[in-house]
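Structure record follows, encoded as structure tokens.
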Amino acid sequence: MGATHLPATEFDGTDLDDQLEAEAEARLGAPAEPMVQLLGPDGTLGSDPVFSKYAERLDPGTLRGFYADMSKIRRFDVEATALQRQGQLALWVPLTGQEAAQIGSGRASQPQDYIFPTYREHGVALTRNVDLAELLRQFRGVSNGGWNPKDTNFHLYTLVLAAQTPHAVGYAMGIQRDQKLAAATAVGSGEAGQAAEPKAAVMVYFGDGASSEGDVHESMVFASSYRAPVVFFCQNNHWAISVPTSVQTRIPLANRAKGYGFPGIRVDGNDVIAVHAVTEWALERAREGHGPVLIEAFTYRVGAHTTADDPTKYRGSEEEGVWRAKDPLDRLEKYLRAEGLADDAFFDQVRADGDELAAYVRKTTHDLETPDIRTAFANTYVEAHPLVAEELAWFEEYSAGFADEAEADQTEADQTKVDQTDGMAR
Amino acid sequence: MTTMTIAKAINEGLRATLANNPRSLLMGEDIGALGGVYRVTDGLIGEFGADRVVDTPLAESGIIGTAIGLSLRGFQPVCEIQFDGFVFPGFNQITTQLAKMHSRSNGNLTVPVVVRIPYGGGIGSIEHHSESPEALFAHTAGLRIITPSNPHDAYWMIQQAVECQDPVIVFEPKRRYWLKGEVDTEAPGASADPFKAHVLREGIDATVVVYGPLVPVALAAAEAAAEDGRSVEVIDLRSISPIDFDTVTDSVRKTGRLIVAHEAPTFGGIGGEIAARVSERAFHSLEAPVIRVGGFHMPYPVAKVEEDYLPDIDRILEALDRALAY
Ligand SMILES: Cc1ncc(C[n+]2csc(CCOP(=O)(O)OP(=O)(O)O)c2C)c(N)n1
């Protein structure tokens, strides 16, 4: 009796006191809405008490860049799908519909930030300057990775759903430690006043289906407990292959963050300006040491889950129609035109650039080199390993046997030829 | 030379690692103030602080997964799994992520994470506290697996595991944590290569290969056999992946008979792998089939009957009789 409101002294509210935080918190109380939206489907720019100021920072060139990126990656998606149909790729995972969520968030990151994608983040890869042809290596079956994450701070794709989320939190915990080590070294060597490394954060992508995996839960617990500088970016594209979001969650995914003790925000994932604003806010906040944020980008996968999928089996075309009307490219185009920020010449140029990219990708895909299986022997372990050495030696000998055989066949063929020629001469 | 228990030797090894390698850190459940349920990390949080000896949330996948992230950032985490039976929530991260990160990145990334797992039975515990799941990990390429059987090895092998650029799982024989022995903290000596087997006792009639908790059992069996005039060679494998087959086959070429003993069930176990390799490599030296001594094909039984389950001196001697009967 009367014990329900006893103070819980282990929680210290002072951690959560800055202005933005309070405003973000206010949103969390609400059920599904409001969702942060700045650029409506009709192409008009609305306002938001917290995030409008981020939108105001965007100059026309940046906005045109958002459009160019979204257009490029959509064109790339069409090309990759065609390559799969032509048998050049084993599988393709299309992103059409999710361009704003990816370009908006990716463009909000800074080079020192580290990004952990899942397997559909082609748009984010573009913003991180990953060569899109390298991205296709995995789908062509010539690599399980394809690029060096150290070059772009864009990690490899991960096919085991949610497995990358704890990696992101661990990496963020590493950033925290590096900052402490750097501070200690600076003090020790009297360099306290010197320019420090730019502060970094981590962003990790996952889907609404993946949000049900235990790893997401464990990651959020770790992130919250250690206030790790990590932004969880969930693209709620409404379908996990054939299963709707309602089977994964009964509350808006963004609301889950509150249970872990950090802000969660639902943003219109088809509004590149809002996604950019929210992500910039979250990443800045993480870099400044205020801990994690969950962003739920409310978006839609317009096409199939992968090229192996048939969406007509599980969803109606009306639903797709509703979402096509919210298309991220269309609405930004409307805005750019209405504001006089871009003209036909710009859109023609973007289209031409897309075709050029597609041609490049088509050509380089054919040229992607098949690795020698010896590289797999070489990369299983970092250090020398007797079993690998033994199996490689066996493989070399075995292969050499075929080479000898081929040589013998060749000699025999040559001999036959000589015999025949001899015969003819006689 | 100082005398200490295996638990203390690992503690000292971790202390040396934390002191010498500023990018190493320990992670696990209850490893801070409590010092771990077996006190292996006793006192370390006081010396190195909570950022180096991290009491984690109760989440094995989270522990391994965040350790992978830390290692991608250039740190060298040593994770403690509280008991063998509780590694499975982390199994996914170990087998699909930790083991494969280096190869799937085409050699660009290394994840030198160490996972410590107290394993094996004989401590009268309840379920999930007595298992030997080493074969489940040994089957996965990309992992290295070692298991010390004495304090000197324990002291050095944990440090070598951290230095190794590959992920290493250290299976610690928990019923031997209190086994005392000499540790030379100045030199790794004979244990310089943690992946090499050691011949602990020479013999000419048969070879017994063991590792971890069964090493003292095999030595006692060899002692008993000697009283019957049989000369048994005992090999401590030390590394379960890779396995030092050269040392094993050299011994079989000399003795002609091989017995492999471990606590894990024989079916699909490490003993089968050794039997197969030896028959491929030294078939003509074998005077008898390789005989396996191990656990039965059942979940680890209740503590009151574990004595019937665990290989002991008599089970090894029985196997020896069978081998010598050929
Ligand atoms: C652990 C695991 N289970 C199952 C799968 C098979 N699978 C691949 S994608 C997918 C659906 C994922 O849905 P969601 O997380 O919403 O991401 P989306 O593909 O829609 O972006 C499933 C079940 C997998 N890759 N990993």
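Below, read A as the first sequence line, B as the second, and so on, with proteins coming before strands; counting in each chain starts at 1. Atoms considered below: every heavy atom in the structure, side chains included; atoms not considered: hydrogens, waters and symmetry mates.
Heavy atoms closer than 4.5 Å to chain B are found in the backbone of A:Ala384, but not in its side chain. Contact of B:Arg52 with chain A is not made at all, since no heavy-atom distance falls under 4.5 Å. Proximity to chain A (any heavy atom under 4.5 Å) is shown, for B:Ala67, by neither the backbone nor the side chain. With a 4.5 angstrom heavy-atom cutoff, A:Gln176 does not touch chain B via any of its atoms. In this structure, chain B has no heavy atom under 4.5 Å from any part of A:Ala168. Using a 4.5 Å cut-off between heavy atoms, A:Phe377 makes no contact with chain B at all. Residue A:Ser219 does not touch chain B at all, counting heavy-atom pairs closer than 4.5 Å. The part of A:Leu181 that comes within reach of chain B is its side chain, from C-beta onward, which places non-hydrogen atoms under 4.5 angstrom from that chain. For chain B, the nearby part of A:His155 is the side chain; its heavy atoms alone come within less than 4.5 Å. Only the side chain of B:Thr96 comes within contact range of chain A, with at least one heavy atom under 4.5 Å from a heavy atom of that chain.
Ring centroids of A:Phe262 and A:His290 are separated by 6.0 Å or more, keeping the two rings apart.
At least one cation-pi condition fails for B:Arg73 and A:Tyr114: the charged atom is not both under 6.0 angstrom from the six-membered ring centre and inside a 45 degree cone around its axis.
Taking a cutoff of 4.0 Å between a charged side-chain nitrogen and a carboxylate oxygen, B:Arg23 and A:Asp178 qualify as a salt bridge. The residues A:Arg128 and A:Glu121 are annotated as not salt-bridged, no charged nitrogen and carboxylate oxygen being separated by less than 4.0 angstrom.
When side chains are defined from C-beta on, A:Glu383 counts as touching B:Cys164, because their heavy atoms get closer than 4.5 Å.
The interface of residues 200-207 of chain A with chain B, defined by heavy-atom distances below 4.5 Å, is empty.
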